[in-house]
Every structure is written in structure tokens, then in C-alpha cells.
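What follows is a short report on a single structure.
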Amino acid sequence: MTGTPHRTADDGSRRRGRRPAGEDTRTALLEAARAEFADGGYTGATVRAIATRAGVDAAMVNHWFGGKDQLFAEAVLQVPFDLAEVVATVTSYGRDRLGEGIVRTFVELWDGAGGARFTALIRSVTSSPEAMQTLRGVLVAKVIGPVVATAAPDRPDLRASLCASQVVGLGMARYVARFEPLGSADPDTVVAAVAPTLQRYLTGDLDHH
């Protein structure tokens, strides 16, 4: 008597990215994307290459992230899909400690990846207008901008741009150029030194005296 053929792992289900737990596929794509963006920047990292490195079908990129831009934003900048959660984390520090909230949040995110995430970010934005647009859209418009809005100061666009310049500059010095002792300083030291500048950009007087 002939039974139903047993389905093996070679039926394509594993190679097409359909793992038992969907989050495994998502995590694999994030890890692969960070590696690809670090190696080739935004332009050089293709959806197909990222999917191949992750061992899944390229369609999984659109399924989980909606495209390369969103994958870049989450993999490299490590912002949650719900950007409001990032803003909520920073603003939970309160108006008088927003600078601390921004610095600590980004330093802890970047330190957690050994600086590789920021290196991937810099390589991408310096080689691709699309990546630079994504950076502005995420870092300035969706994260720092709303934080500035909670402080309700004047000149919000200037304040957001100044904060972004400080955050990116800090990342360059700490992870790319590795200026010492900043490069190896513990997060608390970095926060204590840089947060007051961010706080002035957020709520202080920007006019000359």
C-alpha cells in the first residue's frame, strides 16, 4: 500500500525563507543587511544579495520591511518599526534631560553593535543620495524632530539639524575615526560630556549674546 510521500526539507520551504518562526527570518535579514550595508554601502547592498546572505527568498525583504529603505533604516539605524517608540524612549527623560536621552539612546544602540552599525551608516550615506535621504527622513524628521516638538521651543528645524549634526559627529569620532579617549570611553562619560550641548540645542538660547 502506497502512502502519501513524506515532504522533506528539500521541497523548497526552507530555501524560500519559510522558517518555523517568522521572526527568525526577520532577524536573519537584519543581520545580513547590516553586513551587506557595511561592505558595500547603501547602493552596493542589493535586496537579492541581502536575501542570499540570509538564506531566504528576496520576497521576504518586502514581506517584512516593505523594501530596501525601511530595511536600511531598521538594520543600520536600528530604529524600531514604530518610530514613535524611539521618541517615547527619549522624551521619557523629561524636557530638561532630552539631551541625555538622545545621546544615551544612540550610544547604547551603536555600542551594542561594536560600532559596525554606524560604520555601515556612514559608508552608505556618503555613497548614495537615497541613503542620505533615508537618514534625513528617519534621524531628523522622524526621531529628533518630534523630540524637539515636545520641548516646544522656537526654531525647531534649526534645533533638529543641530542635534543631528552632534549625533552624527559623535558617531564619526567614536566609531569611525576612533578618537581617543572618546573612542573607548564608557557611555556614562560620553553622555555627561555631550548631553549638555544637545540640551542647549534643544531648549537653550541659540542667539548670540
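Sequence positions, counted from 1, serve as the residue numbers for this chain.
The residues Arg159 and Asp154 are annotated as salt-bridged, a charged nitrogen and a carboxylate oxygen being separated by less than 4.0 angstrom.
Proximity of Thr150 to Arg95: side-chain heavy atoms (C-beta onward) are nowhere separated by under 4.5 Å. Between Leu162 and Leu202 the shortest side-chain heavy-atom distance does not fall below 4.5 Å. Side-chain contact between Val86 and Val147 is absent, with no heavy atoms from C-beta onward closer than 4.5 Å.
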Problem set entry | Step-by-step side chain to side chain contact (heavy atoms under 4.5 Å, CB included) determination, Leu170 to Trp110 | CA-CA 11 Å; Leu170 171 61; Trp110 289 333; 5.6 Å; no
Exercise. Should Arg34 and Glu74 be marked as a side chain to side chain contact (heavy atoms under 4.5 Å, CB included) after you check the CA-CA gap, both sets of side-chain angles, and the distance that decides it?
Worked result: CA-CA 9 Å; Arg34 289 178 191 126; Glu74 185 166 357; 5.8 Å; no
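Side-chain polar atoms of Glu180 and Ser184 form a donor-acceptor pair below 3.5 angstrom. When only modelled atom types and interatomic distance are considered, Glu31 and Thr27 share no side-chain donor-acceptor pair under 3.5 Å.
For the residue pair Val140 and Ala160, the shortest heavy atom distance occurs at CG1-CB, 4.2 Å. Shortest non-hydrogen contact noted between Ala32 and Ile50 is CB-O, 3.4 Å. Residues Pro196 and Val191 approach most closely at CD-O, 4.0 Å, considering heavy atoms. The nearest pair of heavy atoms linking Tyr42 to Lys68 is O-NZ, 2.6 Å.
Side chain of Arg155 to main chain of Leu206: no donor-acceptor pair is present (N/O by atom type, distance under 3.5 Å, no hydrogens or angles).
Rounded to the nearest 0.5 angstrom, Thr25 OG1 and Leu29 CG are separated by 7.0 Å. Atoms CZ and CZ, from Phe65 and Phe72 in turn, are 13.5 Å apart once rounded to the nearest 0.5 Å.
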